[in-house]
Every structure is written in C-alpha cells, then in structure tokens.
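These notes are about the structure you will find just below.
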Amino acid sequence: MKESFEKFSIGGLKLSQELIQIQLTPDTPLPVHEVLARLTGQHINVTMLSFDARDGRISGSFCISAADKIWTDMALLPIAGTYDMISPVGSLTIFPHQSRVTLIGSVLSAMHRIEAPIYAMASSFSALTITTDYHRLDHAAEAILSVAALPDNHAPFRPEFQVRQL
Amino acid sequence: METFAVYWEPVIKTYGIFDRTDLCLVSFQVNPEQMGEMGICLSRCPESVNRAVMLVFARPARNGQLYTHILLTTASVVPLLMDAMSADPEMLMDIKIDKHVELIYFQGPHFGDRYGIAEAALKALAARDAPLTATVCTGASVYLITPKGGSQSARAALAGVFMAP
C-alpha cells in the first residue's frame, strides 16, 4: 500500500506502433524543412520531432511509422548516407506529466533499471514521449508503472487504428 | 486497421498561437549509460524547479551522447537544478545556459495525425530568416524556441501559414 502512495499519478500511458527514428546530422545537406518537405510530398506523417541548432547547424531526430519505410527511403534518397536510422523503435507517451521533472527523472531511472535504451525524448506541456527499443516496449511500460500509477481500471494502451491522411 | 482521411486547408487552423518570453534553456550532453543516474538526480529536484519546467527534450548526438534540453520559466532555478544534478560532476557535459530564449507554440485539429505540419512551420520561419534555437513536436503540439526577440518574427512568419481563431 505504501508504494502506491509514493507513485506519481498519471492519466494514461500510450504505446506506439513500430516506428523508425531518423537522425539528421550537421552533414545532412538539406535544411530541415526541405527534408520534411520531401516526407510531406510522400504523405508521410512525423510522429515526434526534436531539433536544435548548435553552432549554427540544425541537428535532431524524428520518428515515422515503420510502415512508411519504403516511401521514406524513396523520399530521402537524395540525402542517403547523411542521416542515421534507428529501427525498430517504439514510443511511450505518458500524460499528463504536468511538467513534473521529478516524474520524468523517475521514469528515466526506471527505464535504465531494466536497461531499456532511451533514444529520444520530447515533451509538450502535458505529455512526455520517450522512444526506446520497440521489442522492449511492454517491458518499459511495466517499468514506468513501477513509479507511476494509472487511474483504476486503466491499462497501457495501443491505438486500435491508424489514421492515414491521403 | 487503418482509417483513410482527406483533410487539407490552404491556411492551417490552430487553436491559437501563443508565446512566452524571458525563458531559460539549459542544454547539456549526457552519456546514455548515465541516464538512470540523471533520472535519480532529476527526481530529487526541489518543487521550485518542478514548477519551472516547461519542456524536456533530447536527441542522440553523433558522439553517442544524448543531447538534452530543459526549458524553464525562469533562470532563477538554474542553480537549484545544477545542485540537484551535481551528484556526479562528470555526468553532464558541454553545459549551455541561454537565459533569454522565447517560445512560440500552438496546436491544431488532429496535428498528430497529419503530415506536413512541422514542415509548414519550419518552412515559414526559414522563408523569413526567423532565427530558431530549437523545436520540439509531439502529439498535436508544436513548440518553437527562438533567441531573445525572435518570437515576434516567428509569429509574423507563421501568420500566413497558420490561422488562429
């Protein structure tokens, strides 16, 4: 009982479908918006994205659905070899995290305890998304639930359908 | 099961475009092997740091490190954050503190399921040479972090592409 009182209360934990994380580097010859434009041209959705400018060059990563890999390879053919790809990855989205850095810290620590890699993080004001090895997603969810408590009768969920915009 | 949808608009609708100024961006590199230790340190942050955290994001760097950013509402809690993280002085590398960044952010209908949203935002900024320090998008939200004074030019750049109610 004592442990449950020490857990963080969260509203939900969402597990993604299989994703691919693409890492642009300072060697990538196109500006980020042009790289994304090539994906837009193929109607490829970006599920999360994080970029920063260091020394005037923008680097960062984004995720796409693994189902879009063929079209992504085609779209990014002109810059092949200048980006890295991590596959397969999956994401865990915790909401709301209410900007509690203590919760984020506990989640990172819990994932590290089970040796689940952390490939990227991206938060909004209400949700925190972490990417890890897709094959360890359920294990990572269990680790998160060792430090965070869902409402009664709630469980981690995966989307039952995927919206694909034409 | 997949659901196919067609939803396109010449000017992308948002639920509103908002900005904040006088924010502080703390950036550092951390070895992925030390993420657990960093997590323990973060979990011990005092409540004042907790209240000041707006965004946390990280991406892999080419040297194998995880380049991590914490956006704070105020620079006044940076010493407390650094104190909390100082259990292992070698844990954080290449620390940068930018005390005067600004943020412009918005979300819109089904942004998370629609391609082209991030591209539209970054293309609009690039077309106006609006400076960008960092950007993070997850779910239906888009956050653009600019240097001091940059949020107004970013807002102007976004105006022709995104519509606020």
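Convention: sequence-line order gives letters A, B, ...; per-chain numbering from 1.
In terms of modelled atom types and a separation under 3.5 Å, the side chain of A:His112 and the main chain of B:Glu33 share a donor-acceptor contact. One N or O on the side chain of A:Ser123 and one on the backbone of B:Val56 form a donor-acceptor pair closer than 3.5 Å.
By the 4.5 Å heavy-atom criterion applied to side chains, A:Ile44 and B:Tyr115 are not counted as neighbours. By the 4.5 Å heavy-atom criterion applied to side chains, A:Ser61 and B:Pro60 are counted as neighbours. B:Glu119 places none of its side-chain heavy atoms less than 4.5 Å from the side chain of A:Leu39.
With rounding to the nearest 0.5 angstrom, the OG1 atom of A:Thr40 is 9.0 Å from the NZ atom of B:Lys123.
When heavy atoms are compared at a cutoff of 4.5 Å, A:Gln42 does not approach chain B at all. For chain B, the nearby part of A:Thr25 is the side chain; its heavy atoms alone come within less than 4.5 Å. The contact between B:Thr135 and chain A is made by backbone and side chain atoms together, counting heavy-atom distances below 4.5 Å. Proximity to chain A is limited to the side chain of B:Leu103, based on heavy atoms less than 4.5 angstrom apart. For a residue to count as touching a neighbouring chain, one of its non-hydrogen atoms must lie under 4.5 Å from one of that chain's; by this rule A:Phe51 touches chain B with backbone and side chain alike.
Looking at every heavy atom in both residues, B:Thr138 comes nearest to A:Ser124 through CG2-N, 3.6 Å. The shortest heavy-atom contact between A:Leu108 and B:Met35 is CD1-CE, 3.9 Å. Between A:Tyr119 and B:Leu66 the shortest heavy-atom distance is O-CD1, 3.7 Å. When all heavy atoms of B:Phe57 and A:Ser50 are compared, the pair lying nearest together is CD1-OG, 3.4 Å. Contact record, A:Thr102 with B:Cys45: CG2-O, 3.6 Å, taken as the closest heavy-atom pair.
Among B:Leu132, B:Leu125, B:Leu42, B:Ile117, the residue with the largest count of heavy-atom pairs under 4.5 Å with chain A is B:Leu42. No other option in B:Pro131, B:Cys41, B:Pro46, B:Ala58 has as many heavy-atom pairs under 4.5 Å with chain A as B:Ala58. Interface remark: of the candidates A:Gln21, A:Met48, A:Lys14, A:Gln23, A:Gln23 forms the most heavy-atom pairs closer than 4.5 Å to chain B.
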B:Arg62/A:Asp84 under side chain to side chain contact (heavy atoms under 4.5 Å, CB included): CA gap, chis, key distance, verdict: CA-CA 9 Å; B:Arg62 263 240 156 128; A:Asp84 300 323; 3.6 Å; yes
